[in-house]
Amino acid sequence: MGFAPRATIDQAALRHNLRRVRQAAPGQPLWAVIKANGYGHGMATVARALEAADGFAVARIEEALRLRGLGVEKPLLVLEGVSDAADLEQARQAGCELVLHQPGQLELLESSGSGSPVRVWLKVDTGMHRLGFRPAEVADLAELLAACPAVSELNLMTHLANADDPADPMTAEQCARFAQLNTTPFSRRSIANSAGLLGHPESRRGWLRPGIMLYGVSPFAESTAAAEGLRPVMHFSARVIAVNRCAAGERVGYGGRYTCPESMPVAVVGVGYGDGYPRHAGDGTPLLIRGQRLPLAGRVSMDMLCVDARRLPDLRVGEEVTLWGDGLPVEEIARAAGTIAYELLCGITGRVEFVPVDREEAAHGPGG
Ligand SMILES: *Cc1c(COP(=O)(O)O)cnc(C)c1O
């Protein structure tokens, strides 16, 4: 396997985090959200580990078809629905449930035949102003859809815009607007993402749609995964490929952003933005070697980055470096790079070797 960067994906942690969802909202069915290649963890691995979910949600029809190709027989929800007749036909053949969020999608359904009708989730915009129909349009749309032979079941959903901030009144307003749409008899309803279901009891109704928490990341800026009872799933690591001795005043890497304050060891790690390590990480961003935090020194390159190794003067080529994972939360690296954990996890590239593991529960002690 050499010195190439690796991402281990802990299936036991995925199962643990799913149990955490069940514990937060007992008795509620859920779509495990595994879009964007399972938030960068590998869709096949994630789908296998989360087989106790009631169904899987993905953004696009291509992702749903890939899951069917992998032999996944569970209910699948396509969060963006379909945009042409060919995709609609494929979705029907594959038995996918479809979100319907704009008029063109309604026309597609109405102009298609009645063979293998689909379950539809009408999306209402309760305040995010991204996808969905206005609340005032819902009753008329529901009537049209109920009469449409291509539709076998009609459901209602919305998406929360600010649930990651527990103090923001927007979430309660969105839930109240959604609750008012109770005059039409929808079969099922769905509101909550991870932040909703952990932080806003009023959103914990009907089908839950957790994503980020399944991967062991807190959806709240102000709390940690551990505080939410979640276990990180991805451990991203690389190796030291060179250790240099630099003199005081020498500058390291492109643009010479980092200047050595004294004669010191500088280690070169074989990982860069070409693997998904964020180029915007500043000097001082921590990397973990032998359990010690060492600061990033200089700009991240495509295939390499450098660290100030003064804390480990005997550091050797080949030693393992944790980029994020055990002992170094991805949330912390995201903050150092001015982004969110979602983006870092999704951004691991195809050059990184993925290794599914199943770590003993006992190694983590109690914790739900
Ligand atoms: C991505 C997504 C989710 C999951 O959100 P998390 O914040 O990752 O829990 C739920 N619903 C919709 C519509 C989404 O697009």
Side-chain angles (χ1 to χ4, degrees), residues 14 17-18 20-22 24-25 28-41 43 46-47 50 53-64 67 75-82 96-102 105 120-133 155-166 168 170-171 174-175 178 188-200 203-223 225 228-230 232-234 330-331 334 339-347:
L14 281 162
N17 296 332
L18 179 60
R20 176 74 185 93
V21 177
R22 300 277 193 208
Q28 299 304 115
L30 67 91
W31 298 108
V33 182
I34 62 171
K35 61 194 179 186
N37 196 28
Y39 286 45
H41 292 67
M43 195 184 244
V46 171
L50 296 180
D54 301 287
F56 294 127
V58 291
R60 307 194 181 133
I61 181 66
E62 290 79 4
E63 297 175 306
L67 282 169
L76 298 181
L77 173 64
V78 181
L79 294 167
E80 293 178 7
V82 291
C96 299
E97 305 190 19
L98 296 177
V99 169
L100 189 143
H101 62 80
Q102 54 107 353
Q105 294 174 322
V120 167
W121 290 79
L122 181 60
K123 185 158 188 180
V124 56
D125 174 15
T126 53
M128 182 156 180
H129 303 133
R130 192 178 62 178
L131 291 187
F133 294 93
N155 308 296
L156 188 69
M157 69 175 286
T158 193
H159 192 45
L160 301 172
N162 299 2
D164 58 328
D165 179 357
D168 195 313
M170 176 71 157
T171 304
Q174 287 193 264
C175 289
F178 193 74
R188 294 177 283 159
R189 291 168 172 253
S190 177
I191 309 175
N193 56 5
S194 300
L197 81 93
L198 285 177
H200 304 269
S203 75
R204 235 175 262 152
R205 303 244 174 96
W207 281 63
L208 312 168
R209 303 191 312 273
I212 195 72
M213 69 181 288
L214 294 172
Y215 307 96
V217 173
S218 166
F220 307 112
E222 304 300 324
S223 90
E228 301 297 339
L230 301 169
V233 172
M234 183 189 291
V330 64
E331 292 94 322
T339 183
I340 54 175
Y342 294 77
E343 187 182 20
L344 295 188
L345 295 174
C346 289

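In listed order, ligands and their atoms are each counted from 1.
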Enquirer: Within a strict 4.5 Å, meaning less than it, do heavy atoms of the Leu214 and Val33 side chains meet?
Expert: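 SC-SC contact between Leu214 and Val33 ruled out.
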
Enquirer: Is the Tyr39 ring parallel, tilted or perpendicular to the Tyr342 ring (thresholds 30°, 60°)?
Expert: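 Ring orientation of Tyr39 relative to Tyr342: tilted.
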
Enquirer: Carefully, step by step, assess Arg188 and Glu97 under the rule salt bridge (Lys or Arg N to Asp or Glu O under 4.0 Å).
Expert: CA-CA 12 Å; Arg188 294 177 283 159; Glu97 305 190 19; 2.9 Å; yes

Enquirer: Examine Gly211 against ligand 1 and note whether any of their N/O atoms are separated by less than 3.5 Å.
Expert: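 Checking ligand 1 against Gly211, an N or O pair does fall under 3.5 Å apart.
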
Enquirer: Checking the N or O distance criterion of under 3.5 Å, is ligand 1 in contact with Ile212?
Expert: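 Ile212 vs ligand 1: N/O contact under 3.5 Å present.
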
Enquirer: So Trp31 and Trp207, would you call those rings parallel, tilted or perpendicular, with 30° and 60° as cut-offs?
Expert: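 Aromatic pair Trp31/Trp207 classed tilted.
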
Enquirer: Show the atoms of ligand 1 that are less than 4.0 angstrom away from any heavy atom in Tyr39.
Expert: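 Those of ligand 1 that fall under 4.0 Å from Tyr39 are 1 (C), 4 (C), 5 (O), 6 (P), 8 (O).
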
Enquirer: Going by the closest heavy atom to atom 11 (N) of ligand 1, which one wins out of Arg209, Lys35, Glu80, Met157?
Expert: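 Ranked by closest heavy atom to atom 11 (N) of ligand 1, first place is Arg209.
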
Enquirer: Starting from atom 9 (O) of ligand 1, find the nearest protein heavy-atom neighbour and note its residue, name and distance.
Expert: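 Checking every protein heavy atom, the shortest distance to atom 9 (O) of ligand 1 gives Ser194 OG, 2.5 Å.
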
Enquirer: Looking only at N/O atoms, are Lys123 and ligand 1 under 3.5 Å apart anywhere?
Expert: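 The answer is no, given that Lys123 and ligand 1 share no N or O pair closer than 3.5 Å.
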
Enquirer: Which residue holds the protein heavy atom closest to atom 7 (O) of ligand 1, what is that atom called, and what is the gap in Å?
Expert: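 For atom 7 (O) of ligand 1, the nearest protein heavy atom comes out as Tyr342 OH, 2.7 Å.
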
Enquirer: Any side-chain heavy-atom pair from Leu197 and Met213 closer than 4.5 angstrom?
Expert: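 Yes - at least one pair of side-chain heavy atoms lies under 4.5 Å apart.
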
Enquirer: Just how far is it from atom NE2 of His101 to atom CZ of Arg130, taken to the nearest 0.5 Å?
Expert: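 With rounding to 0.5 Å, NE2 (His101) is 10.0 Å from CZ (Arg130).
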
Enquirer: Among all the protein's non-hydrogen atoms, which is closest to atom 12 (C) of ligand 1, and how far away is it?
Expert: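 Protein heavy atom with the smallest distance to atom 12 (C) of ligand 1: His159 CE1, 3.4 Å.
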
